[in-house]
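Side chains are part of it too, since the values below use all heavy atoms of this structure and drop only hydrogens, waters and symmetry mates. Per chain, numbering begins at 1; letters A, B, ... match sequence-line order.
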Amino acid sequence: MQNIYRFCDRTALRVAPELIGASLKVQGVGGIIVETEAYAPDDPASHSFNGSTPRNAAMFGPPGHVYIYRSYGIHWCFNIVCAVGHAVLVRAIEPRWGTDAMRVRRGRSDIRQLCSGPGKLCQALDIDKTLDGKPLGEEPFELVPADENVAVISDRRVGITKAADYPWRFGLAGSAVLSKPFARR
DNA sequence: AGGCTGATTTTCT
DNA sequence: GAAAATCAGCCTG
């Protein structure tokens, strides 16, 4: 898709719910995005809150590129860069393409354990620092936004202490592969 | 079902 | 030196 730049060039709060239902692939391996979180420049929980650093430079780069960082020293987390200082953390995917490769990389067979968390999906899709800052519109990525309206629910974000009350986590209603359950809305 | 812990990089104090 | 956008393994009840 060629409008990825325009699709992403908005606040994370607008882009995050619209990414639910989109398909994401890396080297042909991927699935349907079922859980995202929004992060903004004026958001104390965002890596961009205190300005640009070597790690978060991609968040200040062009929209439609990816921001990848190491979490807790061991996992990778995958974000889609939106307007300057805005990014959407992709937290869970419903595995659909290349599930055998995912099972090997994850060392697990249960479909629910392949991509149901930000660190898990990076391992399943073989995402690491070497892809940081790359454009989503080119190899090895493929992003196709949802073409139908999907039922999106929201709740508080996970694993943060600052601004933890913002309802900036979005999920596909009824999905069996969310990283954590959502409160009913 | 729920809580604690270790693994370990990047950033900030 | 501590905290962090996490996960798996092991514990308790």
Within the 3.5 Å criterion, strictly below it, is a donor on A:R91 or A:S179 matched to an acceptor on the partner's side chain? yes

Considering every strand and a 4.0 Å limit on heavy-atom distances, what is the contact class for A:L89: base, sugar-phosphate, or nothing? base

For A:T161, report the nucleic acid contact type (base, sugar-phosphate, nothing); a contact means any heavy atom under 4.0 Å. sugar-phosphate

Expressed in whole Å, how much space separates the P atoms belonging to C:dG13 and B:dT5? 15 Å

Regarding C:dA5, can its base be found pairing with the side chain of A:Y72 as donor and acceptor, where the two atoms are less than 3.5 Å apart? no

Could you tell me the separation between the CH2 atom of A:W76 and the P atom of C:dT6, rounded to a whole number of Å? 15 Å

Ranking C:dA8, C:dT6, C:dA5 by distance to the side chain of A:S46, first place goes to C:dA5

Range-with-range stems for DNA chain C, at least three Watson-Crick or G-U pairs under 3.5 Å: B:1-7 with C:6-12, B:9-12 with C:1-4

Taking only the side-chain nitrogens and oxygens of A:K180, find out if one of them lies under 4.0 Å from OP1 or OP2 of C:dT6. no

Is A:R157 touching bases, backbone alone, or none of the nucleic acid, heavy atoms closer than 4.0 Å? nothing

Touch check for A:R169, heavy atoms < 4.0 angstrom, all strands: base, sugar-phosphate only, or nothing? nothing

Using atom C1' of each nucleotide, how far apart are C:dA5 and B:dG2 to the nearest Å? 22 Å

Reading DNA chain B 5' to 3', which nucleotide is the first, and which the last, to come under 4.0 Å of any heavy atom in chain A? B:dA7 to B:dC12

Taking the six-membered ring of A:Y39 as reference, does the cationic atom of A:R157 (NZ for Lys, CZ for Arg) lie under 6.0 Å from its centre and within 45° of its axis? yes

Output yes when A:D9 and A:R6 qualify as a salt bridge under the 4.0 Å nitrogen-oxygen rule, no when they do not. no

With sugar-phosphate meaning primed atoms plus P, OP1 and OP2, does A:G119 contact a base, only sugar-phosphate, or nothing at under 4.0 Å between heavy atoms? sugar-phosphate

Strictly below 4.0 Å, N to O, side chains only: are A:E139 and A:K134 in salt-bridge contact? no

